Amino acid sequence: MIVVADASPLRYLILIEYAHVLPAMYGQVVVPPAVVTELTRDRTPGLVKVWLENRPEWLRVQAPTQPPARVRQDLGEGEREAIELALEMAADALLVDDRDARQEAQKHGVAVLGTLRVLADASEHGFADLAVAFSRLRKTNFRASDQLLEQLLDHAARRREE
């Protein structure tokens with residue numbers, strides 16, 4: 001499985017200490033250099049920077065071979081490179097949270113997964129405790145309504161009962 005990641009899902013999974021679900025679910029994850037740059041900026045939490053300095057083997061950095069000219073220019077550089085890389089690699093999925101980037105990727109036929117879907121899928125496969133993950137996520141600046149998080153928790157509970 002080929003999965004390309006943008007900065008946001010990686011950042012939040014690292015912050016809530018659930019990055020381990022990525023190799024469990026997808027094997028190797030590929031990020032473009034612009035995503036690494038975004039994750040090492042001054043305002044990036046120290047935990048994320050330290051994690052990247054000791055980057056695990058399952059996280060591969062790879063630049064797109066072409067400039068992301070076919071991708072909307074008003075997106076962030078990391079999002080543009082990630083979408084371009086996903087297109088070039090014919091990735092199975094792009095991990096991205098930004099709504100505009102998700103729409104752009106889907107317009108080009110790229111399947112997208114956000115942080116919440118990654119966590120919900122990991123929970124379904126026994127790699128994550130969704131309640132703990134969401135509790136930790138609520139302590140960050142991740143934007144998701146309490147109603148959405150509760151719906152996902154309820155859905156996960158019903159799936160376990162089946």
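This is a predicted model, so every value here is computed, not measured.
Note that CG of Leu94 and CE of Met89 are 11.5 Å apart. Values are rounded to the nearest 0.5 Å. The distance from the CD1 atom of Ile83 to the CD atom of Gln106 is 10.0 Å, given to the nearest 0.5 Å. Atom CD1 in Ile16 sits 11.0 Å away from atom CG in Leu47 (nearest 0.5 Å). Note: Leu130 CG to Asp154 CG = 10.5 Å, rounded to the nearest 0.5 Å. Interatomic distance, Leu59 CG to Ile14 CD1, rounded to the nearest 0.5 Å: 8.0 Å. In this structure, Leu15 CG and Lys139 NZ are separated by 13.0 Å, a value rounded to the nearest 0.5 Å.
Screening residues 62-90 for ring-ring contact (aromatic ring centres under 6.0 Å, His included) gives no qualifying pairs among residues at least two apart or on separate chains. The side chain to side chain donor-acceptor pair (under 3.5 Å) analysis of residues 124-137, with sequence neighbours excluded, yields the pairs Glu124-Arg159. Among residues at least two apart or in separate chains, side chain to side chain donor-acceptor pair (under 3.5 Å) pairs with a member in residues 18-32 are Gln28-Arg60. Pairs passing the ring-ring contact (aromatic ring centres under 6.0 Å, His included) check and including a residue from residues 137-162, sequence neighbours excluded, read Tyr12-Phe142.
Residues passing the side chain to side chain contact (heavy atoms under 4.5 Å, CB included) test with Arg102, sequence neighbours excluded: Val96, Val112. Partners of Gln147 according to the side chain to side chain contact (heavy atoms under 4.5 Å, CB included) rule, which considers only residues two or more places apart in sequence or in another chain, are Ser145, Gln151. Residues forming a salt bridge (charged side-chain N to carboxylate O under 4.0 Å, His left out) with Asp121 (at least two apart in sequence, or on another chain): Arg117. Not counting sequence neighbours, the partners of Gln73 by the side-chain hydrogen bond (donor to acceptor under 3.5 Å, both in side chains) test are Arg80. For Arg41, the side chain to side chain contact (heavy atoms under 4.5 Å, CB included) criterion is met by Glu38, Arg43, Thr44, not counting sequence neighbours. For Gln66, the side-chain hydrogen bond (donor to acceptor under 3.5 Å, both in side chains) test picks out no residue, with sequence neighbours left out. In terms of the salt bridge (charged side-chain N to carboxylate O under 4.0 Å, His left out) criterion, residue partners of Asp74 (sequence neighbours excluded) are, by chain and number, Arg72. Partners of Arg99 according to the side chain to side chain contact (heavy atoms under 4.5 Å, CB included) rule, which considers only residues two or more places apart in sequence or in another chain, are Gln103.
When side chains are defined from C-beta on, Leu87 counts as touching Arg70, because their heavy atoms get closer than 4.5 Å. Considering only heavy atoms from C-beta on, Leu10 stays 4.5 Å or farther from Val29 through its side chain. The shortest side-chain heavy-atom distance between Val61 and Val35 does not fall under the 4.5 Å cut-off. At least one side-chain heavy atom of Leu137 sits under 4.5 Å from a side-chain heavy atom of Thr140. Looking only at side-chain heavy atoms (C-beta outward), Val71 and Glu104 come within less than 4.5 Å of each other.
Cluster annotation: Leu13 is not connected to Val50 through the hydrophobic network of ILVMFWY side chains, with a link wherever side-chain heavy atoms come within less than 4.5 Å. Transitive grouping of hydrophobic side chains (ILVMFWY, heavy atoms separated by less than 4.5 Å) keeps Leu113 and Ile2 in distinct clusters. Neither Leu75 nor Leu39 shares a network with the other; the hydrophobic side chains, linked directly or stepwise wherever heavy atoms of I, L, V, M, F, W or Y lie under 4.5 Å apart, form separate groups for each.
Between Leu52 and Val36, the shortest heavy-atom contact is CD1-O, 4.4 Å. When every heavy atom of Asp6 is checked against every heavy atom of Pro9, the shortest pair comes out as O-CD, 3.5 Å. The two residues Leu149 and Ala144 have their closest heavy-atom pair at CD2-CB, 4.2 Å. In this structure, Lys49 and Asp42 approach most closely via the heavy-atom pair NZ-O, 3.3 Å. Between Trp51 and Ala19, the shortest heavy-atom distance links the atoms CZ2-CB, 4.0 Å. Heavy-atom minimum distance, Gly78 versus Pro32: O-CG, 4.1 Å.
Using a distance-only test at 3.5 Å, with no hydrogens or angles considered, a donor-acceptor pair links the side chain of Glu81 to the main chain of Ala34. The backbone N or O of Asp98 sits nowhere less than 3.5 Å from a side-chain atom of Glu79 that would complete a donor-acceptor pair.
With respect to Arg143 and Asp97, no salt bridge is recorded, no charged nitrogen being found less than 4.0 Å from a carboxylate O.
Leu95 pairs with exactly one of Val31, Val4, Leu22 by the side chain to side chain contact (heavy atoms under 4.5 Å, CB included) rule, that one being Leu22.
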